[in-house]
Amino acid sequence: MTPVSDKELQQAIVTILRAIGEDPTREGLVGTPGRICRMYKELFRGYDPAQKPRITTFENDSHSTEMVFDAGDFYSMCEHHMMPFFGTYWFAYLPNPKGKILGISKVARVIDYCAAKLQVQERLTRDVVEMLNEALGDEYPPLGMALVMKGTHLCKTMRGARKEGMMTSSFLTGRFKSSAALRSEFLKMVDNKVRM
Ligand code: ZN
């Protein structure tokens with residue numbers, strides 16, 4: 001695809017302003033196309049492979065297979081309406097005793113990166129798990145990974161369908177899929193809204 005100049009993008013935003021019935025030349029709006037253009041570079045940095053987070057991993061020296069847990073917030077933009085959706089994520093994984101372990105602070109970075117593009121919540125959930133799995137390598141993959149995301153979609157809530165605007169997506173691999181006990185242990189933390 002041919003790159004789009006900042007000027008072209010700003011002209012497109014001026015067109016949108018006119019289309020919704022605004023006067024793009026009025027004082028409050030003069031700087032708006034430029035501001036949106038700069039903001040998009042940050043909101044959509046997930047299209048730039050150079051900004052992909054480097055995921056540091058460590059040797060699993062203690063050969064632990066205990067569940068490691070993380071939770072936090074996420075913000076993304078829905079691909080159907082280019083409107084924000086955002087909420088809370090809960091992540092857990094079981095390290096491989098012979099494999100690597102994740103620097104847990106990297107989970108939030110991976111979520112931020114995968115969310116910084118037009119997404120649907122289901123694909124975002126899967127993208128994050130896949131990127132984290134990949135970082136841990138094929139030789140001794142983690143014994144399981146689980147990610148649940150609960151998001152509010154402004155394209156729905158702002159239009160009145162409040163209940164429909166909330167959605168939950170999940171992606172489970174390995175033992176989180178095969179062991180009902182482990183899965184319910186994880187989902188209990190989700191239900192109790194455990195935050196680290
Ligand atoms: Zn939408």
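One is the number of the first residue; the rest follow in order along the sequence. Every number for a ligand or one of its atoms is a count from 1 in the order of the listing. Atom set for the values below is all heavy atoms of this structure, side chains included, hydrogens, waters and symmetry mates excluded.
- If you count the protein N, O or S atoms nearer to the Zn ion (ligand 1) than 2.8 Å, you get 3.
- Checked against the 6.0 Å centroid threshold, Phe186 and Phe176 count as a close aromatic pair.
- Contact check on Glu79 versus Lys117 returns no salt bridge, with no Lys/Arg side-chain nitrogen under 4.0 Å from an Asp/Glu carboxylate oxygen.
- Side chains of Ser178 and Arg175: no donor on one and acceptor on the other come within 3.5 Å.
- Lys188 has its side chain out of reach of Asp191: every pair of non-hydrogen atoms, C-beta onward, lies at least 4.5 Å apart.
- For Tyr93 (side chain) and Leu102 (main-chain N/O), a donor-acceptor pair under 3.5 Å exists by modelled atom type.
- With 3.5 Å as the limit, one finds no donor-acceptor pair spanning the side chains of Ser169 and Glu122.
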